[in-house]
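The next block holds one structure in the form of structure tokens; read it before the comments.
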Amino acid sequence: MIRRESGAPVPAIEVNDLTVAYGEQPVLWDIDLTIRQGVLTAIVGPNGAGKTTLIKAILELVPRAAGRVEVLGRPYRDARGEVAYVPQRGSVDWDFPTSVLDVVLMGTYGRLGWIRRPGRRERREAMQALEKVGMEAFADRQISQLSGGQQQRVFLARALVQEARIHLMDEPFQGVDARTEKAIVEVLRELRARGDTVVCVHHALQTVREYFDEVALLNVRMIAAGPVDEAFTEPNLRLAYGGRVPFLQGVTGFEAPGGGP
Amino acid sequence: MSALDVEIQLLAVVVAVACALPGVFLVLRRLALMSDAISHSILLGIVLAFFWVQDLAHPLLVLAATATGVITVALVEALHRTRRVKEDAAIALVFPALFSVAVLLIARYAGSVHLDVDAVLLGEIAFSPFRRLEVAGMDLGPRSLWLMSAILVLNVAALAVFWKELKVSTFDAGLAAAMGFSPALIHYGFMGLVSVTAVGAFDAVGSILVVALMIAPPAAAWLLTDRLPVMVVLSGALAAFSAVAGFWAARAIDASIAGSMAAMAGVVFLAAILFAPHRGVVAGIRRRARQRLDFARTMLMVHLLNHEGGARARVENQMGHLQEHLQWSPDFARRVVRRAERQGLLERQSGGRLRLTPLGREEARHRMVR
């Protein structure tokens, strides 16, 4: 764990007063968020809440209107090597003429820098990552022949070979089969066990409590953030999701109003 | 074959391959139309630079034209970013504007020089060998062959050196950016390459046919393979074939060589889309026909299984009965039965009665519970 000179651990990600706007339309309003090292954090919120934009703003993929983001106490551009990014599965063209192994190898490109090509060592790492997600038999497969869950596992393998300590994942559980969901959860726990930080944009409210340690409830503004027990409450969900709450019954895991978990 | 023919064909092949290489990434990046825009708007750069230096062979023309190509891309993107028009509309607005200014300038001020509208549109590959490169009185061959060869080498080198950067930024621009490979830098570098290539090819094949040579071979190659390196090599090979075949076709019917090269590229694409092993139209039709037969076969076996041993088995499981009950034409019924027979799933008994083999019975049960 990276610590300050005082001995206090540096936050994995520190977002201060972040505002992002597309044209005049603010997508994120004055966000403050601290993500501790070594925890699994879910970013939760309704459609259009700015969840993906928050991830992209941390990665400097969208311009900030205001605010500051630090990764391990540094600006993102100085901490690139520490961060792995799993975009939404639907954001790429799976008809692209390439193989599963080749996509995983792309995870090593950042560390290789310009011009240098992946070699035998990178290839071995990519195969190991594929084994971790149970996709080693598909290494030579054309990527368009994969199911949605298999595609997601390939993306996860690609993140693993980035050898990062912070993993930003945009909806890794979106539309995957039960087997893939289990594989992803296992990998997330393994990452946490070795002290890595994982931030997932997450849609399925009923699994937040089971999979994650901390949660950030987002709806253009930050509604609440912190340990799941404290932040993932009905009142906060009601605030985040507005009036559309009937489906929220019971998802927070509280037995009765006022009762503890 | 005269030396002139050899030189023309050599130039044709070099032009076609040089165009096809960046074409692969144009197609993969869904920027095919951008090649059309660039190949037209570079004319403005050529014309303006010509007014400056008064020499059609001056290297400044290539530089100015390339710059115009990149400016075109920037203008299209700026217009698109205003969110007032879609990208295709932005392309359609920008390049005709630049092209029309160039055409007006030529018509008004350059009527006496060799820069006419026909040549701009179709190129003059047949005349290219007459413009020689001479150094110290030595004839080194056609000038445009040298220029195009240099561009071909540049394209091969750029693709080889920046292979992984081009690949990752094309497949997943977000990841590329997060890793620190500036997609904008790669994009404009690549578009610069496309522009240089279009400028070089312009002289030989004109501004419209450049597009055919850039897009048709890679589009055909993409139908034939699902590996990027194979796609690149195949694009080059198909382009070279189109060039040579185009030359001889033009010779046979006494027509424009450039036009016939582009037409050949189109024929190659047509052949690919019809006959590609997996993605072709014919393969698709055959696959669907096979699926239909397979499904009918399964249906037949389930039908036989259901009535097996029943009181009406003698009637139901009768060849002639299938037409009536399953509503199959006699011909289709015969084909389905023959297929099942060949696969050892059923046998025909005397009197046209059909009987499942043990294998067929097992298969039918398996299909039913699935």
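If you're wondering where the values come from, they're calculated on a predicted model, not measured in any experiment.
No more than 12 heavy atoms of other residues, nucleotides or ligands lie within 6.0 Å of CZ in A/R179, so this atom counts as exposed by the packing criterion. Crowding of B/W163 atom CH2: a count of heavy atoms from other residues, nucleotides or ligands under 6.0 Å exceeding 12. Other residues, nucleotides and ligands place no more than 12 heavy atoms under 6.0 Å from the CZ atom of A/R68. Other residues, nucleotides and ligands place more than 12 heavy atoms under 6.0 Å from the OH atom of B/Y188. Shown here is A/R36, whose CZ atom has no more than 12 heavy atoms of other residues, nucleotides or ligands within 6.0 Å.
Looking at heavy atoms from C-beta onward, B/E165 lies out of side-chain contact with A/Y109 at the 4.5 angstrom threshold.
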Quick one, A/D93 with B/R30, criterion salt bridge (Lys or Arg N to Asp or Glu O under 4.0 Å). Give me CA distance, side-chain angles, the key distance, then yes/no. CA-CA 11 Å; A/D93 176 7; B/R30 316 244 181 265; 2.4 Å; yes
Any chance you could lay out the side-chain contact (heavy atoms from CB on, under 4.5 Å) test for A/D102 and B/F171, step after step, and finish with the verdict? CA-CA 11 Å; A/D102 204 42; B/F171 176 63; over 6 Å; no
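B/L166 does not touch chain A: none of its heavy atoms, backbone or side chain, sits under 4.5 Å away. With a 4.5 Å cut-off on non-hydrogen atoms, A/L105 does not touch chain B at all. Using a 4.5 Å cut-off between heavy atoms, B/T82 does not touch chain A at all. When heavy atoms are compared at a cutoff of 4.5 Å, A/Q142 approaches chain B by way of both its backbone and its side chain.
The candidate from B/T170, B/V161, B/V168, B/L175 with the greatest count of non-hydrogen atom pairs under 4.5 Å with chain A is B/L175. Contacts with chain B were tallied for A/I115, A/L168, A/V103; A/I115 has the most, counting heavy-atom pairs under 4.5 Å. Chosen from A/Q162, A/E60, A/K56, the residue pairing most often with chain B at heavy-atom distances under 4.5 Å is A/Q162.
B/D226 and A/Q145 get closest at one heavy-atom pair: OD2-NE2, 4.4 Å. When all heavy atoms are compared, the tightest approach of A/R80 to B/A177 is NE-O, 4.1 Å. In terms of heavy atoms, B/M179 sits closest to A/M106 at CE-O, 3.0 Å. Closest of all the heavy-atom pairs between B/A178 and A/Y85 is CB-CD2, 3.9 Å.
Relative orientation of the B/F162 and A/W114 rings is perpendicular, given thresholds of 30° and 60° on the angle between their planes.
Taken from CG in A/L112 to NZ in B/K164, the straight-line distance is 5.5 Å, to the nearest 0.5 Å. B/W222 contributes atom CH2, which lies 8.0 Å from atom CZ of A/F96 (distance to the nearest 0.5 angstrom).
For the side chain to side chain contact (heavy atoms under 4.5 Å, CB included) with A/P97, the lone residue among B/T225, B/L28, B/V232 that qualifies is B/L28.
Taking 4.0 Å as the cut-off between side-chain N and carboxylate O, B/D172 and A/R158 count as a salt-bridged pair.
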